[in-house]
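Below: one structure, written as structure tokens.
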Number of protein chains: 2
Amino acid sequence: MAVKSEHIPKATIARLATYIQVLSEFKREGTDVVSSERLAEACSVNSSQIRKDLAYFGEFGVRGVGYYVQELITSIKRSLGIDRAWNCALVGVGNLGRALLRHREFSRKGFIIRGAFDCDPYKIGEVVEGMEIVCSRQLPAKVKELGLEIGVITTPPERAQRAANYLIGAGIKGIINFAPARIAVPKHIHLEYVDFFHYFYAAAFHIRFDDTRD
Amino acid sequence: MAVKSEHIPKATIARLATYIQVLSEFKREGTDVVSSERLAEACSVNSSQIRKDLAYFGEFGVRGVGYYVQELITSIKRSLGIDRAWNCALVGVGNLGRALLRHREFSRKGFIIRGAFDCDPYKIGEVVEGMEIVCSRQLPAKVKELGLEIGVITTPPERAQRAANYLIGAGIKGIINFAPARIAVPKHIHLEYVDFFHYFYAAAFHIRFDDTRD
DNA sequence: AAGAATCTGTTCCAAATTTCACAAATTCCA
DNA sequence: TGGAATTTGTGAAATTTGGAACAGATTCTT
Ligand SMILES: NC(=O)c1ccc[n+]([C@@H]2O[C@H](COP(=O)([O-])OP(=O)(O)OC[C@H]3O[C@@H](n4cnc5c(N)ncnc54)[C@H](O)[C@@H]3O)[C@@H](O)[C@H]2O)c1
Ligand SMILES: NC(=O)c1ccc[n+]([C@@H]2O[C@H](COP(=O)([O-])OP(=O)(O)OC[C@H]3O[C@@H](n4cnc5c(N)ncnc54)[C@H](O)[C@@H]3O)[C@@H](O)[C@H]2O)c1
């Protein structure tokens, strides 16, 4: 994939995800071509922002016409590296882990949970959504065997570092941490934090202070 | 609460959430005082970033000393408007909705899910985590009765707009949308999108392109 | 076929955000 | 008590990000 520029802003990656979502809706509605202006409106961003975001990766539009919806979806997916499947390991099969396991959309979008790991002996052996829960100690073997690349941590926060250590030792390439705990990883491991409370805090802050401004 | 400045960057709000998380860990470990330098390291940010973020809301530190951990947690919480409880409505009690309902941490942090709504007749009447699922049509009555302020949408994406409409009609003040669909809301309603795929896309992108740079 | 209309890609400028650097405040210690 | 050692809060500099504007490419219209 040709990345034209060195560094791509985090915000651009976030917006590209939105573009895919909205473009998919357009496609479902039968829209074949879309202008940056129309896409911008649906995504609540500026149209030149969209054109600039896309320009990091190439030229995907046709002047005087716009963007072909399906083609643009494909191009963005290739740009993000999601034009192929990613094998994931889920560590911690509790409430949230189960919700993720049962969510069909993950595999549909190319993120396939191929291993479910827990350390609770009562859970090991249980089958959730056609997937047998195995002991965390089997991580190294399974990561190699199944080619797992992304680790998803849904353990309690105090166990997140240990789960990360297992994953890293097993040779995982990136980690998505749903537990509300900072964890330390070597520089070559990509780490994403998913903090639900962040969104609740932001909502509370804005509700409280946006319109009680007197 | 005294907000010193007009506009506060979204990124600042996000970081404040991280600061609370890390400070809580420090507190648990028995640390009473912390410098911006040490906090910065734990949060992987620049120390003057922290000082500037805090400066939006007031002066919470002591020169030559640092910040008193408990005091700073309290100050940040007050700054964000989470020094009180927020009553929430959960709309769509499926896999994800149940995970959220069962998650004790929400009420512990002051976000109390007081109403669970669904439109599936098979689910209405069921009790999850001590909460009876009621029909979405009861939203207006319940929002008033229970003083619900934040609506949490965990319906399928094609129902997200309808759920939002119910919530808005019922007089909710803000919405957190876990469904992967853009929704339209009036300007006075605060809206947060939670898109899990965003994190997976970002991970895929960085794993693929950070270290295959040749 | 020529001119009007449309819409992208890109350059240039403005605004916002982050980082640096240091004066001011506080503590510690001799 | 005074001077060294810390560490905050903040103004100024540097960097990053977003937006306006327009040349260049394409289609539409007559
Ligand atoms: N449930 C939610 O809606 C929700 C929302 C936001 C964040 N979270 C966070 O997600 C995480 C999981 O939440 P949950 O509600 O599913 O908790 P849970 O207690 O239901 O599940 C945690 C699971 O992790 C397993 N586990 C513990 N240590 C482990 C280890 N070292 N290796 C492998 N597995 C291990 C436990 O056996 C358990 O099955 C928590 O950190 C929580 O704070 C959950
Ligand atoms: N499960 C996950 O891990 C996960 C992860 C990311 C995103 N999401 C998103 O969260 C949403 C919920 O996912 P899920 O797995 O829980 O789906 P689900 O199908 O298990 O649950 C959806 C629930 O919403 C109810 N519902 C439908 N229309 C409604 C309406 N108008 N009013 C009230 N309730 C209504 C349904 O009856 C059902 O109980 C989806 O949009 C999904 O894409 C889920």
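In what follows, every chain begins at residue 1, and chains take the letters A, B, ... in the order their sequences are listed. Just so it is clear, the values below take in all heavy atoms, side chains as well, and ignore hydrogens, waters and symmetry mates. Note that the structure is predicted; figures quoted are calculated from it, not measured.
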Who are the side-chain contact (heavy atoms from CB on, under 4.5 Å) partners of B:Tyr166, not counting sequence neighbours? B:Ser136, B:Leu139, B:Arg162
When rounded to the nearest 0.5 angstrom, what is the spacing between CG in A:Leu191 and OH in B:Tyr199? 12.0 Å
Starting at CG of A:Leu39 and ending at P of C:dG9, how long is that distance when rounded to a whole Å? 12 Å
Starting at CD of B:Gln49 and ending at P of D:dT10, how long is that distance when rounded to a whole Å? 15 Å
A:Ile8 atom CD1 is separated from D:dT17 atom P, nearest whole Å, by 11 Å
Mark yes or no: A:Lys109 above the aromatic ring of B:Phe197, with NZ or CZ under 6.0 Å from the six-membered ring centre and no more than 45 degrees from the axis. yes
Report the distance from atom CD of B:Glu37 to atom C1' of C:dT19, rounded to the nearest whole Å. 12 Å
Calculate the interatomic distance between A:Asp53 atom CG and D:dG18 atom C1'; express it in whole Å. 10 Å
Other residues, nucleotides and ligands only: do more than 12 of their heavy atoms fall within 6.0 Å of CD on A:Glu41? no
Between A:Ser36 and C:dT8, is there a contact of a side-chain N or O with OP1 or OP2 at under 4.0 Å? yes
B/S/- contact track for nucleotides 20-28 of chain D, protein heavy atom under 4.0 Å: BB--BBBS-
Excluding sequence neighbours, so at least two apart, what forms ring pair (Phe, Tyr, Trp, His ring centres under 6.0 Å) with A:Phe200? B:Phe106, B:Phe111
Rounding to a whole Å, what distance do you find between B:Ile50:CD1 and D:dT8:P? 9 Å
Nearest-angstrom distance from the residue atom CZ of A:Phe60 to C1' of C:dT8: 13 Å
May I have the distance from B:Leu54 (atom CG) to D:dT10 (atom P), rounded to whole angstrom? 11 Å
Roughly how far apart are B:Arg182 CZ and B:Asp195 CG, rounded to 0.5 Å? 9.5 Å
Ion pair present between A:Arg98 and A:Glu129, side-chain N to carboxylate O less than 4.0 angstrom? no
For residues 21-33 of chain B, please give each side-chain donor-acceptor pair under 3.5 Å, one per line with the distance, not counting sequence neighbours.
from: B:Ser24; atom 1: OG; to: B:Ile20; atom 2: O; distance (Å): 2.7
from: B:Lys27; atom 1: NZ; to: B:Gln70; atom 2: OE1; distance (Å): 2.8

Neighbours of DNA chain C within residues 9-22 of chain B, by heavy-atom distance under 4.0 Å: B:Pro9, B:Ala11, B:Arg15
Less than 4.0 angstrom between a side-chain N/O of A:Tyr56 and OP1 or OP2 of C:dG9, yes or no? no
Review item, side-chain donor-acceptor pairs of residues 84-94 of chain B, under 3.5 Å, at least two apart:
from: B:Arg84; atom 1: NH1; to: B:Glu149; atom 2: OE1; distance (Å): 2.8
from: B:Trp86; atom 1: NE1; to: B:Gly81; atom 2: O; distance (Å): 2.9
from: B:Asn87; atom 1: OD1; to: B:Arg114; atom 2: NE; distance (Å): 2.9
from: B:Asn87; atom 1: ND2; to: B:Leu146; atom 2: O; distance (Å): 3.3
from: B:Asn87; atom 1: ND2; to: B:Gly147; atom 2: O; distance (Å): 3.4

